[in-house]
Amino acid sequence: MMPETVLQLTSVHKEFNEPQGALRVLNGVSLSVQRGEIVMIMGPSGSGKTTLLQIAGCLLRATVGKVEVVGRDLNQASEHERLAARRRHLGFVFQSFHLVNALTAFDNVALGLRLRRQPINKQRVQKILETLGIGSKVNKHPINMSGGEKQRIAIARGLVGAPDLLIADEPTSQLDSHSAEVVSRLLREAVQEYSPAVLLATHDPRLRTIADRCLTLENGVFLE
C-alpha cells in the first residue's frame, strides 16, 4: 500500500510587506509529509520555520505556491473553508502550552474536541492521557503541574480530535533535559498509536531521535 500524503507544499513563497519593502521569508519551499511520519524542521532563528508551520497549518496564506492538506489546496480556499479544514484535519502544539489554568487536565484536553465541534468522548480523552503517561492527572489543574506534564496535556489536546496533521512548534523549548526526553518519547509513542502526520519545528537536536526525517531550513530554503 502506498503511503498517504497528508501535507504537500509545492514551491511555497512567503513575503511580508514591511515599511522598507517586501521581506521574503520563504523562497520556493517544497515538502511532503506522510501519515504516521514525523518530519522535523531545524534552522536558526529567522530561518522561516514558524512561518512554514503557520502556512502548513492554514494560519497564514502563502504568497505563491500550493498548500495541500489531504489532497486539497487550501491556499486558494476561502477563509470559511480554511477554518473548517483546521477543525477537521489539523491539531496544534505550541511551545508555551496555552492551557487554561481554570480547567482540569481532562477539561483542557476536552477543549480540543469542543473547538473542533466534536462531542466529548470521555473514553478517548482518558485513553490519550494514559498514552501520554498522565492518566492519573485528570483532575489536576495546570498551575499544579510540572512543565513536562503541561506539555503532555498540550500534546493530548492536539491529538484528541484525531487530526490528520499535527503541527508542533518548539514543543520542548521550555522543558529541562529530562522532561524533554520523556515528552519526545511519549510523542513518538502517541504518533504510533494515533497515526497523524507530524510537522515539527525545533532548535532541540535531541528530537532527532524521534523524527523520521530531519530537514534544515536556512534563509527560507531547505539545505541539501
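Being a predicted model, the structure only gives us computed values, none of them experimental.
Linking Ile, Leu, Val, Met, Phe, Trp and Tyr whenever their side-chain heavy atoms come within less than 4.5 Å puts Ile155 and Phe106 in one cluster. Linking ILVMFWY residues whenever their side-chain heavy atoms come closer than 4.5 Å, directly or via other members, leaves Val6 and Ile210 in distinct clusters. Tracing side-chain contacts under 4.5 Å through hydrophobic residues (I, L, V, M, F, W, Y), one reaches Ile153 starting from Ile120; they form part of the same cluster. In the hydrophobic clustering of this structure, Val70 groups with Leu59; members are Ile, Leu, Val, Met, Phe, Trp, Tyr whose side-chain heavy atoms approach within less than 4.5 Å, directly or through other members. Follow the hydrophobic side-chain contacts under 4.5 Å out from Leu187 and you reach Tyr194 in the same cluster.
Of the possible polar contacts, one joining the Arg157 side chain to the His98 backbone as a donor-acceptor pair under 3.5 Å is found. When atom types are taken as modelled, the side chain of Lys140 and the backbone of Ala105 share no donor-acceptor pair closer than 3.5 angstrom. No donor-acceptor pair under 3.5 Å is formed between the side chain of Arg213 and the backbone N or O of Val39. Between the side chain of Glu37 and the main chain of Val198, no donor-acceptor pair closer than 3.5 Å is present. At least one donor-acceptor pair under 3.5 Å links the side chain of Gln34 to the backbone N or O of Thr5. A distance-only check finds a donor-acceptor pair linking the side chain of Arg82 to the backbone of Leu74 [under 3.5 Å]. Of the possible donor and acceptor atoms, none in the side chain of Gln151 sits under 3.5 Å from a partner among the backbone N and O of Gly148. Between the side chain of Arg35 and the backbone N or O of Pro196 there is no donor-acceptor pair closer than 3.5 Å. Side chain of Asn27 to backbone of Asn219: a donor-acceptor contact under 3.5 angstrom is found. Side-chain atoms of Arg24 do not come within 3.5 Å of backbone N or O of Lys14 as any donor-acceptor pair.
A heavy-atom distance below 4.5 Å is not found between the side chains of Asp164 and Val69. Two residues are said to be in side-chain contact when any heavy atoms from C-beta on lie closer than 4.5 Å; Ile167 and Leu200 fail this criterion. Side-chain contact between His203 and Lys49 is present, with at least one heavy-atom pair separated by less than 4.5 Å. Under the 4.5 Å side-chain criterion, counting only non-hydrogen atoms from C-beta, Val12 is not in contact with Val64. Side-chain contact between Ser11 and Lys66 is absent, with no heavy atoms from C-beta onward closer than 4.5 Å. Leu90 places none of its side-chain heavy atoms less than 4.5 Å from the side chain of Leu166. Put simply, the side chain of Asp169 does not reach to within 4.5 Å of the side chain of Phe92, judged on heavy atoms. In this structure, the side chains of Asp107 and Leu111 stay at 4.5 Å or more apart for every pair of heavy atoms.
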Notebook entry, point to check: Going through the checks in order, is the salt bridge (Lys or Arg N to Asp or Glu O under 4.0 Å) test met by Glu79 and Arg61?
Noted result: CA-CA 10 Å; Glu79 285 303 322; Arg61 288 185 189 268; 3.0 Å; yes
Next item on the list: Walk me through it: do Met40 and Thr202 pass the test side-chain contact (heavy atoms from CB on, under 4.5 Å)?
Entry: CA-CA 7 Å; Met40 175 177 163; Thr202 185; 3.4 Å; yes
Next item on the list: Please step through salt bridge (Lys or Arg N to Asp or Glu O under 4.0 Å) for the pair Asp212 and Arg188, ending with a clear verdict.
Entry: CA-CA 10 Å; Asp212 297 292; Arg188 174 79 261 183; 3.2 Å; yes
Next item on the list: Report the C-alpha separation of Glu68 and Thr10 in whole Å, then their side-chain angles, then the decisive distance to 0.1 Å, and conclude whether the side-chain contact (heavy atoms from CB on, under 4.5 Å) test is met.
Entry: CA-CA 8 Å; Glu68 296 172 276; Thr10 306; 4.2 Å; yes
Notebook entry, point to check: Can you list the steps and then say if Leu52 with Phe222 is a side-chain contact (heavy atoms from CB on, under 4.5 Å)?
Noted result: CA-CA 11 Å; Leu52 178 63; Phe222 286 126; 3.9 Å; yes
Item checked: CA sep, side-chain torsions, deciding dist, call: Leu129, Val109, side-chain contact (heavy atoms from CB on, under 4.5 Å) -> CA-CA 8 Å; Leu129 287 167; Val109 175; 3.8 Å; yes
Notebook entry, point to check: Should Arg206 and Glu181 be marked as a salt bridge (Lys or Arg N to Asp or Glu O under 4.0 Å) after you check the CA-CA gap, both sets of side-chain angles, and the distance that decides it?
Noted result: CA-CA 7 Å; Arg206 293 168 296 188; Glu181 182 179 344; over 6 Å; no
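Rounded to the nearest 0.5 angstrom, Thr216 OG1 and Leu223 CG are separated by 5.5 Å. To the nearest 0.5 Å, atoms OG1 (Thr131) and CD (Glu189) are separated by 8.5 Å. For the atom pair Gln118 CD and Arg88 CZ, the distance stands at 10.5 Å (nearest 0.5 Å). In this structure, the separation between CG on Leu199 and CG on Leu7 is 6.5 Å, given to the nearest 0.5 Å. Between Ile128 atom CD1 and Leu159 atom CG the span is 4.5 Å, to the nearest 0.5 Å. Considering CG of Leu99 and CG of Asn108, their distance stands at 4.5 Å, rounded to 0.5 Å.
A pairwise comparison of heavy atoms in Glu130 and Gly135 identifies CG-CA, 3.8 Å as the closest pair. Shortest non-hydrogen contact noted between Ala180 and Leu175 is N-CB, 3.9 Å. Residue Met145 comes nearest to Lys137 through the heavy atom pair CE-O, 4.1 Å, listed as atom of the first residue, atom of the second, then distance. Across every non-hydrogen atom of Leu113 and Val160, the tightest pair is CD2-O, 3.7 Å. The two residues Thr172 and Leu207 have their closest heavy-atom pair at OG1-CD1, 3.8 Å. Across Gly48 and Val25, no two heavy atoms sit closer than the pair CA-CG1, 3.7 Å.
With a 6.0 Å radius and a threshold of 12 heavy atoms from other residues, nucleotides or ligands, Ile143 has its CD1 atom at or below the threshold.
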